[in-house]
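We name chains A, B, ... by the order of the sequence lines, and we start the count at 1 in each one.
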Amino acid sequence: MKYDFTTIEKKWQTRWKDENTFACKNGDPRPKFFGLVEFPYPSGAGLHVGHPRPYTAMDVIARKKRMDGYNVLFPIGYDAFGLPTENFAIKNHVHPAEVTKQNIENFTRQLHMLGYSFDWDRCVNTTSPNYYKWTQWIFLQHYKHGLAYKTTMPVNWCTSCKCVLANEEVVEGVCERCGAPVVRKEKSQWMLKITAYAQKLIDGLDTVDFIDRVKTQQRNWIGRSTGAEVTFKATTGDDIVVFTTRPDTLFGATYMVVSPEHRFVKEWKDKLSNWDEVATYVEAAGRKSDFERTELSADKEKTGVMLQGVRAINPVNGREIPIFISDYVLASYGTGAIMAVPAHDTRDWAFAKKFGCEIIEVVSGGEDVQKEAFTAKDDTGIMVNSDFLDGMTVKDAIPAITKWLEEKGIGHEQVNYKLRDWVFSRQRYWGEPIPMVWCDKCGWVPLPEDQLPLLLPAVKSYEPTDDGESPLSKITDWVNTTCPCCGGSAKRETDTMPQWAGSSWYFLRYMDPHNNQALASKEALDYWGQVDWYNGGMEHTTLHLLYSRFWNNFLHDIGVIPHAEPYAKRTSHGMILGKNPHYVGNVDTEKEKQALIDKYGSQALRPSVKMSKSLGNVVNPDDVIRDYGADTMRLYIMFIGDFEKTATWSDESVRGCKKFLDRVWNLSEKLKEGDCSPENELAVHRAIKKVSDDIEAMKFNTAIAALMSLVNDFYTKGATKGDYKQLLLMLSPFAPHLCEELWEINGYGGQVCLQPWPEYDESKTVAATAKMAVQVGGKVKANIVVDAGASDEEVVAAALAEPKIAKLAEGMELVKSIVVKGKLISLIFKPKA
RNA sequence: GCCGGUGUGGUGGAAUUGGUAGACACAGGGGACUUAAAAUCCCCCGGUAGCGAUACUGUACCGGUUCGAGUCCGGUCACCGGCACCA
């Protein structure tokens with residue numbers, strides 16, 4: 001019989017669907033396991049090969065956990081609000097809801113074809129009103145607890161989407177979604193105070209099991225730094241507060257810089273003799289985008305203007321120092337003002353050199369500070385020219401000066417974070433309406449909770465307006481409403497929430513997806529608790545992963561959910577790349593290579609690149625499934641390489657995996673009757689150990705290699721039905737359809753996915769004899785076979801008795817011998833005296 | 001510039017964390033079966049020298065520790081990812 005994967009896969013998918021095989025129950029007495037993958041954005045292009053990697057991995061884990069006896073929640077849903085759908089709708093004059101519906105149908109079809117063991121009863125969709133009702137509800141809780149506020153501020157404005165972007169959505173000065181330039185624009189925006197959770201988000205990392213690079217990246221993004229705020233008096237009498245992480249260098253502060261936006265600049269207008277020059281600089285800085293202001297940061301030529309007519313007084317020595325404005329000082333960090341210590345800060349040094357400011361060394365231990373700034377903050381530096389700090393190390397000087405500043409009432413310790421509040425408004429249609437009402441009398445009034453969900457109204461055109469308002473602003477009968485507070489006439493907020501809103505809590509909804517009374521019942525939240533294992537992409541580390549931790553911490557603080565941290569464990573997969581059609585390695589002659597480099601530049605030097613339509617290297621999962629079957633697709637994507645690293649798709653290797661499944665299939669007809677055979681016992685028990693451990697460690701490629709080895713053994717030694725049964729159990733998480741079919745054909749009873757995971761006996765993973773290498777002087781010279789239980793003395797004796805070794809030992813004296821049990825013997829000789 | 005990661009055959013990648021480098025595959029070569037091809041099955045496959053057993057050499061580069069280093073330490077180079085005037 002031939003391995004007809006198309007028929008087999010369809011058969012089992014239908015059966016799993018009809019029998020609801022993977023539905024799980026809340027409150028089941030077995031131990032629970034909540035495995036989570038990032039739910040997809042249902043784009044028009046359908047599933048791409050990037051999706052099956054994390055999904056198959058977690059499916060393998062979920063299937064194994066079920067066989068291990070867990071009550072497994074392995075859900076899926078759709079993160080369906082967002083710009084691409086809206087843009088498609090605008091272009092093709094279809095309602096975004098209709099586009100979304102079609103895309104979800106296509107995704108659902110594709111996900112079913114891959115045989116994932118999702119609990120489809122719990123499928124969620126962020127655009128469905130009974131889902132976004134709770135997204136809006138959570139926003140109202142933020143508002144009620146003072147974490148949502150509206151403010152006018154310069155924001156990132158995408159010139160093409162006509163929409164505000166969060167800092168996280170701006171990549172290298174352009175819009176992450178459409179690639180259009182991003183400029184700064186003053187707008188009134190809803191904000192979420194994620195900065196109030198900066199410390200909790202750092203501390204929480206210590207309580208969870210995330211891979212290190214995720215923790216590091218989040219810590220860096222939050223960017224905590226400890227320093228001091230110090231007040232400098234200006235000659236106008238004003239107090240200028242600066243933030244510094246190096247209060248120890250205060251005696252070296254020879255000038256001060258404030259950001260062009262600093263309030264004193266305007267306030268001092270009448271006192272500045274060079275106001276015109278100052279005003280010109282301020283205006284120019286305001287026009288630049290954040291990107292222009294910060295690009296090429298360190299190398300960039302510093303610019304600035306000295307404020308003529310006002311000076312600052314260094315509080316530690318009473319010296320009058322000049323004040324500059326410069327755009328290298330950011331208004332949005334610290335106090336928007338710094339004390340400049342050119343001797344010990346590279347940026348201040350570059351500025352001082354250009355503007356001829358004085359450079360005074362206050363920490364010795366480096367090179368000449370007139371030639372280079374000395375920035376070491378460790379014990380290598382000793383304080384000089386610093387009065388009472390002289391002679392101290394930097395490490396001791398920091399607390400000493402901080403204490404002094406506090407006693408004098410001119411400074412104190414201060415912690416700052418790079419993290420900024422989350423811009424939560426989007427001037428777009430396809431998002432959750434923000435449930436707030438503006439009343440001229442009462443101000444912003446939250447919609448009463450019993451009026452949720454606030455439905456997204458039907459609208460004729462989804463185009464954003466030219467003045468940057470949301471399309472909703474044109475629907476006057478929706479906008480005009482009554483104030484829930486005073487009953488007077490009022491207007492609704494017309495901005496919608498960003499794409500990240502719905503995904504910030506979706507894992508909670510899976511616990512109790514049909515609940516109309518709460519986002520999830522207390523029982524469901526208590527039962528499922530934290531997500532046990534969340535796998536997703538590194539690109540979400542500072543976006544979705546941080547946002548959802550914030551929301552979860554907040555919901556915990558207000559008593560809605562039992563855990564502060566949503567995810568107990570977070571792992572991450574590498575990307576799948578395609579072959580580069582323009583790679584220089586594809587051609588033979590130097591001439592051809594040079595032609596490729598001339599045409600494509602550095603692109604031509606990479607063997608692998610991101611898949612893209614224009615390069616024609618996109619792999620469509622539908623095609624792979626049609627040609628090789630879902631089981632081969634699954635197996636290959638797990639075999640492709642180290643799960644955490646990027647990998648390149650290879651059609652040839654897919655065929656290799658198909659060949660392996662063919663071999664498994666063909667073996668079924670060659671089986672001998674009987675239980676596990678003694679000749680295969682060692683190999684089977686070793687394989688069970690290896691595959692079990694490797695799945696837990698996400699070393700799927702070596703787990704599959706072990707299964708391939710086992711099949712090779714079965715071919716050489718022959719296999720019984722008992723041996724084969726073990727193989728099918730272990731292979732079933734990777735190739736579930738094939739294994740179900742073979743399980744049924746061989747009459748093992750029931751379904752393989754419902755069987756217990758095989759156990760191994762440690763004693764049966766050890767061979768009776770061991771082949772050991774014998775090293776002389778660190779080099780392998782011979783191999784011997786010894787009894788597994790042999791003592792070190794016996795092993796050394798056997799090694800010395802080996803003819804080659806005996807020959808080498810002639811005239812020599814054994815100085816030392818090292819035995820690594822079951823592996824090798826290392827012998828060290830010296831000539832006999 | 002700072003932070004994190006990677007560097008192993010023609011290719012994807014293994015190596016129980018200091019113990020026989022190249023598992024398992026792909027590609028390639030040879031053989032069996034076949035009228036033939038495909039499929040399948042078996043064998044070979046880092047480099048150099050040799051008919052051969054074998055010897056030497058080999059994990060980006062230089063040096064060190066060790067009986068023993070892909071793995072640890074010091075330095076260098078290249079590439080990838082993140083952050084980037086955050087005081």
J.: Check every atom of B:A25, B:A87, B:A15 against the side chain of A:Lys699 and return the nucleotide holding the closest atom.
T.: B:A15
J.: Does a salt bridge link A:Lys658 with A:Asp662, judged by any charged N lying under 4.0 Å from a carboxylate O?
T.: yes
J.: Do A:Ser653 side-chain and B:C26 base share a donor-acceptor contact under 3.5 Å?
T.: no
J.: For the pair A:Lys781 and A:Glu802, find out whether any cationic side-chain nitrogen is under 4.0 Å from an anionic carboxylate oxygen.
T.: no
J.: Nearest to the side chain of A:Val820, which nucleotide is it out of B:G19, B:C41, B:C85?
T.: B:G19
J.: Whole angstrom is fine here: how far is it from OH in A:Tyr3 over to P in B:U40?
T.: 14 Å
J.: Which part of the nucleic acid, if any, lies within contact of A:Asp642, taking any heavy atom under 4.0 Å across all strands shown: a base, the sugar-phosphate backbone alone, or nothing?
T.: sugar-phosphate
J.: When you get a sec, tell me which of B:A14, B:A87, B:U20 is the closest nucleotide to the side chain of A:Gln775?
T.: B:U20
J.: Do the charged groups of A:Asp4 and A:Lys2 touch, with an N to O distance under 4.0 Å?
T.: no
J.: Describe the nucleic acid contact of A:Phe639 in one word from base, sugar-phosphate, nothing, applying a heavy-atom distance below 4.0 Å.
T.: base
J.: Checking contacts here: which listed nucleotide (B:C56, B:C24, B:C3) is nearest the side-chain heavy atoms of A:Ser709?
T.: B:C24
J.: Specify the separation, in whole Å, of atom OH of A:Tyr715 and atom C1' of B:U40.
T.: 9 Å
J.: Return the nucleotide paired to B:G19: Watson-Crick means purine N1 to pyrimidine N3 with N6-O4 or O6-N4, wobble means G-U with N1-O2 and O6-N3, both under 3.5 Å.
T.: B:C67
J.: Once you round it to whole Å, what is the distance between C1' of B:G81 and NZ of A:Lys215?
T.: 20 Å
J.: Under the rule syn = chi within 90° of 0, otherwise anti, which is B:U17?
T.: syn
J.: Kindly say if A:Asn712 contacts the phosphate of B:A25, meaning a side-chain N or O under 4.0 Å from OP1 or OP2.
T.: yes
J.: Name the nucleic acid region contacted by A:Lys821, choosing base, sugar-phosphate or nothing; use a 4.0 angstrom heavy-atom cut-off, strictly under.
T.: nothing
J.: To the closest 0.5 Å, what do you measure between CZ (A:Phe660) and CD1 (A:Ile704)?
T.: 8.0 Å
J.: Would you indicate what A:Arg606 reaches in the nucleic acid, counting non-hydrogen atoms under 4.0 angstrom: base, sugar-phosphate, or nothing?
T.: sugar-phosphate
J.: Within the structure shown, what part of the strands sits under 4.0 Å from A:Leu707 by heavy-atom distance: base, sugar-phosphate, or nothing?
T.: nothing
J.: Grab the CE-C1' distance between A:Met339 and B:C85 for me, whole Å please.
T.: 17 Å
J.: For A:Arg213 and A:Thr646, take the nucleotide of RNA chain B holding the closest heavy atom to each; which residue's nucleotide lies nearer the 5' end?
T.: A:Arg213
J.: Expressed in angstrom and rounded to an integer, what is the separation of A:Lys658 atom NZ from B:A39 atom P?
T.: 11 Å
J.: I'd like to know whether CD of A:Gln199 has more than 12 heavy-atom contacts from other residues, nucleotides or ligands below 6.0 angstrom.
T.: yes
J.: Give a yes/no answer on whether the side chain of A:Tyr333 brings an N or O atom under 4.0 Å of OP1 or OP2 in B:A87.
T.: yes
J.: Indicate, yes or no, whether a donor-acceptor pair under 3.5 Å links the base of B:G81 to the side chain of A:Gln217.
T.: no
J.: From the set B:C80, B:C85, B:C67, return the single nucleotide nearest to any side-chain atom of A:Ser826.
T.: B:C67
J.: Of the candidate nucleotides B:A23, B:A87, B:G19, which contains the atom at the shortest distance from the side chain of A:Thr244?
T.: B:A87
J.: Take A:Asn220 and A:Lys771, find for each the nucleotide of RNA chain B with the closest heavy atom, and name the residue whose nucleotide sits nearer the 5' end.
T.: A:Asn220
J.: With ring centroids as reference points, do A:Tyr255 and A:Phe351 lie under 6.0 angstrom apart?
T.: yes
J.: Heavy atoms under 4.0 Å, any strand shown: does A:Arg655 hit a base, just sugar-phosphate, or nothing?
T.: nothing
J.: If you look at every strand shown and take non-hydrogen atoms under 4.0 Å, does A:Gly656 touch a base, only sugar-phosphate, or nothing?
T.: sugar-phosphate
J.: Distance check: side-chain N/O of A:Lys659 vs OP1/OP2 of B:C26, anything under 4.0 Å?
T.: yes
J.: Which nucleotide, B:C83, B:U20, B:U6, lies nearest any side-chain atom of A:Lys645?
T.: B:U6
J.: Under 4.0 angstrom, heavy atoms only, what part of the nucleic acid is A:Asn783 near: base, sugar-phosphate, or nothing?
T.: base
J.: Please determine, for B:G74, whether a Watson-Crick or G-U wobble partner exists with both distances under 3.5 Å, and give it or none.
T.: B:C62
J.: Please classify B:G4 as syn or anti, treating any glycosidic angle within 90° of 0 as syn.
T.: anti
J.: Is any side-chain N or O of A:Lys302 under 3.5 Å from a base N or O of B:C85, one able to act as donor and the other as acceptor?
T.: yes
J.: Determine whether any donor atom in the side chain of A:Lys823 lies under 3.5 Å from an acceptor atom in the base of B:U16, or the reverse, and answer yes or no.
T.: yes
J.: Which nucleotide in the list B:C24, B:C3, B:A87 gets nearest to the side chain of A:Ser225?
T.: B:A87
J.: Give the nucleotide from the list B:C67, B:C24, B:C42 with an atom nearest to the side chain of A:Arg663.
T.: B:C42
J.: So which nucleotide from B:U57, B:C24, B:G19 ends up closest to the side chain of A:Leu824?
T.: B:G19
